Amino acid sequence: MKIKNICCIGAGYVGGPTMSVIAQHNPEIKVTVVDLNKERIDAWNDKNLNNLPIYEPGLIEVVSKARGRNLFFSNDIDGAIKESEMIFISVNTPTKTYGTGKGMAADLKYVELCARNIGKIAKSDKIVVEKSTLPVKTAESIQSILENAGSGVNFEILSNPEFLAEGTAMRDLAIPDRVLIGGNDKTEEGKKAIQALVDIYSSWVPKENILTTNVWSSELSKLTANAFLAQRISSINSLSELCERTGASIGEVSKAIGMDSRIGSKFLNASVGFGGSCFQKDILNLVYISRSLGLNEVAEYWNQVIVMNTHQRDRFAKNIIKNLYNTVSGKSIAIFGWAFKKDTNDSRESAAIYVADTLISEHAILNIYDPKVSSSQMIFDINYLNTRSEFENKKYLNIKSDPYKAVEGAHAVAILTEWDEFKTYNWKKIYQMMKKPAFIFDGRNILDKDHLEEIGFNYNSIG
Ligand SMILES: NC(=O)c1ccc[n+]([C@@H]2O[C@H](COP(=O)([O-])OP(=O)(O)OC[C@H]3O[C@@H](n4cnc5c(N)ncnc54)[C@H](O)[C@@H]3O)[C@@H](O)[C@H]2O)c1
C-alpha cells in the first residue's frame, strides 16, 4: 500500500514537528497538518519563521524547506481527511476536569470528536494512526466509532505513540531511539497498514529501530515510558531532601549511582520538580486505569511519583519564604525561567507556575523573565489556577523582557528553568543591583556555587 497523502489532526507540539520531519524525509508524500485553531495554523503559515507557534531548536530549518513543497498547514480539516489515505490523530488528551475520573483520567473528547469526524467524512478506506498518548484500549473505542459511522469504508487503527522530548524534539525525531507501531497483524489489512507506516519511517529510521507490537502493548508502552522517566526524577528528588538534612550532596550521589551501568546517568538531576503536559497527566492516567481494574497497590505505587513531585515544588517555595526571614510580603523576587524545561516555549504544568502561585499567596512581588514564553502565556498560567482573581494576580506580577530589569531591587532570584543563558549572566552586576543580603534559590542546580558565594550571594540549591 503506497501512501500519497497524509493528514495530521492537531498542529501542536507533537503534530507540527513530527509531520515536518515525515514531510522532510518523504518528499513524494503530501503531508497536511490541520487544526481547529485558526491562530495556530496562521502562525504555522507565517512568512516570518520566527513566528511559528512553537519554539524548538532546529524546527525552523526543517519547516522552511518542506513548507509549501509537500508540507501544508490548514484549517480545512474535512478536505484533508477526504484526500488522505493515512490520518494521524495528534490532538491534546488532557486530564479530565469534570465528571467520572475528574483529575485522573485522560479526557478523550477531542480524540472522539476526531474519530466521529473521520467516520462522517471518509469516502475511501483509511488508516487511522493514534499519535496522541491514549489509555490502553482506546483504539477499540476509535474502531467502534468509525465502524458505526455507516460510511461503509474500511478503517485500520494503528498506535504510534510519540516519544520526542520537547527541547530536543527535532533530534529525537531525526534519530529516534525507537519508533513504536502497534497494529493488528492477524489480518491482511492490518499487516498492510502496519507495513505502510513502517515504510514511511524507513525513509530515515533504520529498520532495527522500528518496533511493531500489538496495539495495547504500544498504548501501554507510552504511558509506562513516561511513568519510568518521571519516577527517576521523583526518586532523585526524594533523596535531595535527605541530602539537605544529612550533609550528603545529591550531585555526588547522582554521579556515583549513575556510573552504575544498570542505572545509567540520565534523568538523575535533582530539581524543583518535573513539569510539562505529559508526565503528570500520563501517570494520573496510569493510576486511574490501575484503580479501575482494582489494582490498588499498583495505583498507589505510581501515585507516589506525583505526590513526591508536588512535595518538591512546595518545599522549594517554602524554603524561599523561610530563608527570607519567614516573610516575602511586599518583597520583590526575580523569577528566572517559566518554561517547564529549557529550549521550549511550553509552560504547561511548569513548576514555575506553582512556585509563583505560592509566593503570590504570601504577597511577594514577582518579576518574571523567560527567554521564550510570552507574557500573555504567563498571565494565563497563573490565572488558570484560579487561586485568586485576575485583578488580584495582576498586582503581584511584573513580566520583564530583560533579566537585568527583573533583578533591580530584588531580595532574591529563583531559577526555575535550566536555560543555558542564565549561566552566562554577569552575576556580579546582578548582585550589585539587588537588596542585601541577596539570595539565589537555584531550582535546577545550574549555577556555580563557589563563584556566587565569592561575590557575596547567599546561594541555595537543591540537595
Ligand atoms: N508535548 C509532548 O512533548 C508530547 C510528547 C509525546 C506525546 N504527546 C502527546 O501528544 C498529544 C498532543 O500533544 P501536544 O503537546 O501536541 O498538544 P497541543 O495542545 O500542543 O496540540 C494539540 C492540538 O490539537 C488541536 N485540536 C484539538 N481538538 C481538535 C479537533 N477536534 N480537530 C482539530 N484539531 C484539534 C488543538 O487546537 C491543538 O492545537 C497528547 O496526547 C500528548 O500527550 C505529547
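Start at 1 and go down the list; that is how both ligands and their atoms are numbered. The first residue in the sequence is number 1, and the count goes up from there. Just so you know, these numbers come straight off a predicted model, no measurement behind them.
With Asp35, Thr93, Asn75 as candidates, the residue nearest to atom 40 (C) of ligand 1 on a non-hydrogen basis is Thr93. Of the listed options Val91, Asn285, Asp172, Val91 places a heavy atom closest to atom 29 (C) of ligand 1. Of the listed options Glu166, Lys341, Lys38, Glu166 places a heavy atom closest to atom 2 (C) of ligand 1. When the heavy-atom distances from atom 17 (O) of ligand 1 to Arg116, Arg40, Arg348, Glu56 are ranked, the shortest goes to Arg348. For atom 42 (C) of ligand 1, the choice among Glu112, Lys281, Glu162 with the nearest heavy atom turns out to be Lys281.
Looking at Val14 next to ligand 1, an N or O pair under 3.5 Å apart turns up. Residue-to-ligand polar distances place Thr133 within reach of ligand 1: an N/O pair is separated by less than 3.5 Å. Between Lys222 and ligand 1, not a single N/O pair is under 3.5 Å apart.
Residue contacts with ligand 1, taken as heavy atom pairs separated by less than 4.0 Å, involve Cys278 solely via side-chain atoms from C-beta onward. With a 4.0 Å cut-off on non-hydrogen atoms, Ile77 touches ligand 1 through its side chain and not its backbone. Of the heavy atoms in Ser277, only side-chain atoms (C-beta onward) come closer than 4.0 Å to ligand 1. With a 4.0 Å heavy-atom cut-off, ligand 1 is reached by the backbone of Leu36 and by its side chain too.
Of the protein's heavy atoms, Gly10 CA, 3.4 Å lies nearest to atom 24 (O) of ligand 1.
Side-chain contact of Asp107 with Tyr98: a donor-acceptor pair under 3.5 Å is present, judged by distance alone. A side-chain donor-acceptor contact under 3.5 Å links Tyr13 and Asn345. Checking Glu300 against Asn296 by side-chain atom types alone, no donor-acceptor pair falls below 3.5 Å.
The aromatic rings of Phe73 and Trp44 sit parallel to each other, their planes meeting at less than 30°, with 60° as the upper class boundary. Relative orientation of the Phe316 and Phe441 rings is perpendicular, given thresholds of 30° and 60° on the angle between their planes.
Between Lys222 and Glu162 there is no salt bridge, since no side-chain N of the basic residue sits under 4.0 Å from a carboxylate O of the acidic one.
Listed by chain and residue number, nothing satisfies the salt bridge (Lys or Arg N to Asp or Glu O under 4.0 Å) test with Lys96 (two or more places apart in sequence, or in another chain).
Listed here is the closest heavy atom pair of Lys281 and Pro94: CD-CA, 3.9 Å.
Phe336 has its ring centre less than 6.0 Å from the ring centre of Tyr425.
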